[in-house]
Amino acid sequence: MPPAKKLKILFVTSEVVPFIKTGGLADVSSALPQKLQELGHLIRIVVPKYGAIDERKFKIHEVVRLKDLTTKIGNKEVVFSLRSSFLIGQKARVQIYFLDNPEYFGMRHSLYSDPITGKDYADNDERFILLAKSVFALINKLGWVPDVIHCNDWQGGLIPAYLKTLQKEDETLKTIKTLFTVHNLGYQGEYGKSTFAKTGLPDKLNSETGILQNGKVNFLKAGLQFADFINTVSESYAKEICSDDGFSNGLKDVLAKRKKDVFGIINGIDTLIWNPEKDKIIAKKYSAKTLEDKLVNKKSLSEKFGLKYEPNVPLLGMISRLEDSKGFDLIQKTFKELMGMNIKLIVLGTGDRKYHKFFEEALFKHKGKFACYLGFDDGLAHFIEAGSDIFLMPSLYEPCGLNQMYSLVYGTVPLVRDTGGLADTVQRFKESDGTGNGFSFKKYTETEFLKELKHAIKIYTNDKKTWTKIQKNGMKSNFTWLNSSKNYIELYKKLVAS
Ligand code: ADP
């Protein structure tokens with residue numbers, strides 16, 4: 001048999017662990033390329049070099065051929081370079097290119113918004129036009145022509161549009177296919193009409209049948225219109241966005257037209273990082289066989305957050321961006337009732353100022369029952385996963401979600417809303433046959449959420465044997481990137497053959 005063809009994939013993203021992260025996209029952008037390379041494929045990554053990325057630590061160096069390149073954004077001549085380094089994992093070493101431009105990226109610490117005002121940077125359109133344009137410069141200068149450009153989220157949305165329009169006549173690029181992965185349809189990269197001229201795209205796209213959506217230039221829509229294939233990060237979310245107005249954020253018609261090209265592939269988790277048997281951060285490693293050691297972590301977590309350690313009182317954890325879509329309005333509305341229950345709650349998160357304010361006030365009002373850290377802290381995330389009994393994720397929608405998967409493998413029983421990736425990974429426990437690995441509720445209401453939480457707490461308090469069974473059911477899960485990567489490889493192959 002001839003050896004299987006090695007696929008060449010150029011993976012374009014706006015964040016990658018360990019360089020820079022605001023959310024799950026960064027985890028995916030690190031784990032998936034590494035696994036693809038381990039499986040024998042040729043993969044390279046492109047990401048902006050934000051000020052927060054430590055160039056010395058990551059040995060980011062110049063590439064003569066990729067230095068001081070120029071492009072136009074509207075009438076503005078922009079100089080940029082692509083610098084090189086490696087994403088070094090346990091088994092893979094993936095080539096990564098950093099898009100370097102001090103004005104747009106290097107001189108700013110944050111990724112998308114001003115940390116002081118919390119507002120998106122006013123020139124995000126130009127910043128991600130540059131990212132899209134840099135990709136073609138990279139391919140041409142290197143002469144490394146990928147089979148697939150794998151674009152992610154609205155920040156990569158213009159790439160498929162450029163390939164099919166401005167770059168159409170470029171012989172080098174003729175064979176390239178694009179996959180556009182939507183990690184979250186809620187973020188679309190929408191800009192006023194003046195942005196259109198900056199994109200340089202043909203005038204006929206300056207319309208609702210082009211890349212305008214409700215009168216605004218919409219980068220995500222550009223990706224949805226022009227990518228050869230589209231996928232989202234769970235099968236349920238893929239179905240939800242194509243069929244349900246509540247999930248499609250106004251893009252239902254666009255998606256409906258592309259329905260046959262829309263796929264769902266659930267993310268994996270990085271089991272070298274998120275594994276209670278190997279986790280170097282937590283107080284004590286444990287497995288399904290040594291679950292009693294999870295209590296050492298509960299004690300340590302409680303103490304870290306200044307809560308009294310009470311082994312039999314359920315400790316609830318949350319780690320999330322503080323956004324409405326993550327279910328924080330439900331938490332806020334039911335907070336009084338939650339604090340009246342025999343529980344403790346720890347929240348780790350940052351985001352919407354209104355929730356910062358709410359939780360800061362709650363800290364004083366409910367000392368001893370509630371604790372939080374309103375910032376981003378990876379170490380604390382590990383402590384919470386290991387030390388909590390129940391993990392709350394009552395999201396309004398959830399494209400995939402990672403924390404419910406981490407929770408499952410840490411024996412921290414997730415309580416989720418039955419939507420998107422949560423529905424695909426958490427099965428409600430069934431007392432009748434002992435199957436299921438967590439708790440879930442359907443309707444996004446306070447009543448349903450509290451009802452399910454009370455049900456979970458009742459089992460936790462009165463029936464330890466059943467609780468342990470639920471924990472162990474979760475700990476058996478196999479969310480490795482190997483499974484997800486194989487699905488991506490199948491999709492790339494289908495794409496290349498299309
Ligand atoms: P999303 O990408 O929508 O934010 P996911 O559940 O897919 O949600 O991924 C979120 C990732 O970011 C997880 O790895 C989670 O642990 C991490 N995370 C979110 N907020 C924080 C925080 N405040 N501190 C540390 N890690 C966080």
Side-chain angles (χ1 to χ4, degrees), residues 13-32 110-113 115 152-155 181-188 232-234 236-237 247 249 264-276 279 281-282 301 304-305 317-328 331 346-353 355-356 359 371-388 391-410 412 414 416-417 419-426 479 481 484:
T13 179
S14 56
E15 44 189 280
V16 189
V17 162
F19 306 99
I20 191 93
K21 165 169 172 173
T22 65
L25 171 63
D27 296 300
V28 176
S29 302
S30 181
L32 176 59
S110 286
L111 284 76
Y112 316 120
S113 55
N152 292 278
D153 277 349
W154 70 263
Q155 291 89 344
T181 301
V182 179
H183 298 262
N184 193 333
L185 201 71
Y187 299 87
Q188 302 186 356
T232 71
V233 286
S234 69
S236 288
Y237 189 60
F247 292 94
N249 295 75
I265 300 179
I266 193 93
N267 290 331
I269 61 173
D270 190 333
T271 48
L272 293 170
I273 298 174
W274 294 99
N275 177 350
D279 193 325
I281 299 172
I282 61 179
L301 172 65
K304 225 178 180 44
F305 276 87
M318 283 188 91
I319 306 165
S320 176
R321 289 183 291 113
L322 303 179
E323 302 292 337
D324 292 343
S325 70
K326 296 290 186 182
F328 282 101
I331 299 292
I346 292 179
V347 171
L348 168 64
T350 174
D352 197 327
R353 297 291 128 181
Y355 293 122
H356 276 247
F359 286 128
C372 63
Y373 177 74
L374 303 179
F376 196 94
D377 190 315
D378 201 40
L380 284 181
H382 283 254
F383 265 84
I384 293 174
E385 284 298 357
S388 309
F391 193 87
L392 297 182
M393 224 163 149
S395 307
L396 178 62
Y397 73 93
E398 193 62 72
C400 174
L402 292 171
N403 277 110
Q404 84 281 11
M405 294 195 260
Y406 301 155
S407 300
L408 286 166
V409 297
Y410 277 72
T412 302
V416 305
R417 196 170 95 79
T419 183
L422 299 173
D424 292 356
T425 49
V426 177
F479 299 122
W481 268 106
S484 310

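Remember, predicted model here, so these are calculated numbers, not experimental data. Numbering of ligands and ligand atoms starts at 1, following listing order.
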For the backbone of E385 and the side chain of T412, can you confirm whether one donor and one acceptor N or O come within less than 3.5 Å of each other?
yes

When only distance counts, is D27 in polar contact with ligand 1, meaning an N/O pair under 3.5 Å?
yes

Protein heavy atom at shortest distance from atom 18 (N) of ligand 1:
F376 CE1, 3.7 Å

Compute the shortest N/O to N/O distance between W274 and ligand 1 and return yes if it is under 3.5 Å, no if not.
no

At a 4.0 Å cut-off, with the gap strictly under it, does some heavy atom of Y406 reach an atom of ligand 1?
yes

Regarding ligand 1, does D377 bring an N or O atom to under 3.5 Å of one of the ligand's N or O atoms?
yes

Between L402 and G268, what is the shortest heavy-atom contact and its length?
CD2-O, 3.8 Å

Starting from atom 10 (C) of ligand 1, locate the nearest protein heavy atom and write down its residue, its atom name and how far away it is, to 0.1 Å.
G24 N, 3.6 Å

Anything under 30° is parallel, anything over 60° is perpendicular, the rest tilted; go ahead and classify Y237 against Y397.
parallel

The atoms of ligand 1 lying under 4.0 Å from a heavy atom of S320, numbered in the order shown, are 20 (N)

Starting from atom 8 (O) of ligand 1, what is the nearest protein heavy atom, named by residue and atom, and what distance separates them?
K326 NZ, 3.1 Å

Within-shell test, E385 vs ligand 1, heavy atom, strictly < 4.0 Å:
no

Given V233, N403, T22, I384, which one has a non-hydrogen atom that is nearest to atom 15 (C) of ligand 1?
N403

Between S236 and D424, is any side-chain donor less than 3.5 angstrom from a side-chain acceptor?
yes

Check: D270 side chain, A31 main-chain N or O, donor-acceptor pair, under 3.5 Å:
no

Do any N or O atoms from the side chain of N184 and from the backbone of G186 form a donor-acceptor pair under 3.5 angstrom?
yes

So does A26 get a backbone contact from the side chain of S30, meaning a donor-acceptor N/O pair under 3.5 Å?
no

Test of proximity, G375 against ligand 1: N or O pairs below 3.5 Å:
yes

Look at the rings of H382 and Y410 and say which category their plane angle falls in: under 30° parallel, 30 to 60° tilted, over 60° perpendicular.
perpendicular

With a 3.5 Å distance limit and no angle check, can you tell me whether E398 reaches the backbone of P394 through a side-chain donor-acceptor pair?
no

Contact with ligand 1 for G349, non-hydrogen, under 4.0 angstrom
yes

Hey, is ligand 1 close enough to I319 that some N/O pair sits below 3.5 Å?
no

Report yes or no: does E15 contribute a side-chain atom to a donor-acceptor pair with the main-chain N or O of L111 at less than 3.5 Å?
no

So for K21, does at least one of its heavy atoms come nearer than 4.0 angstrom to any atom of ligand 1?
yes

Among protein heavy atoms, which sits nearest to atom 4 (O) of ligand 1, and what does the distance come to when rounded to 0.1 Å?
R321 NE, 2.8 Å

In the protein, which heavy atom is nearest to atom 6 (O) of ligand 1, and how far is it?
L402 N, 2.9 Å

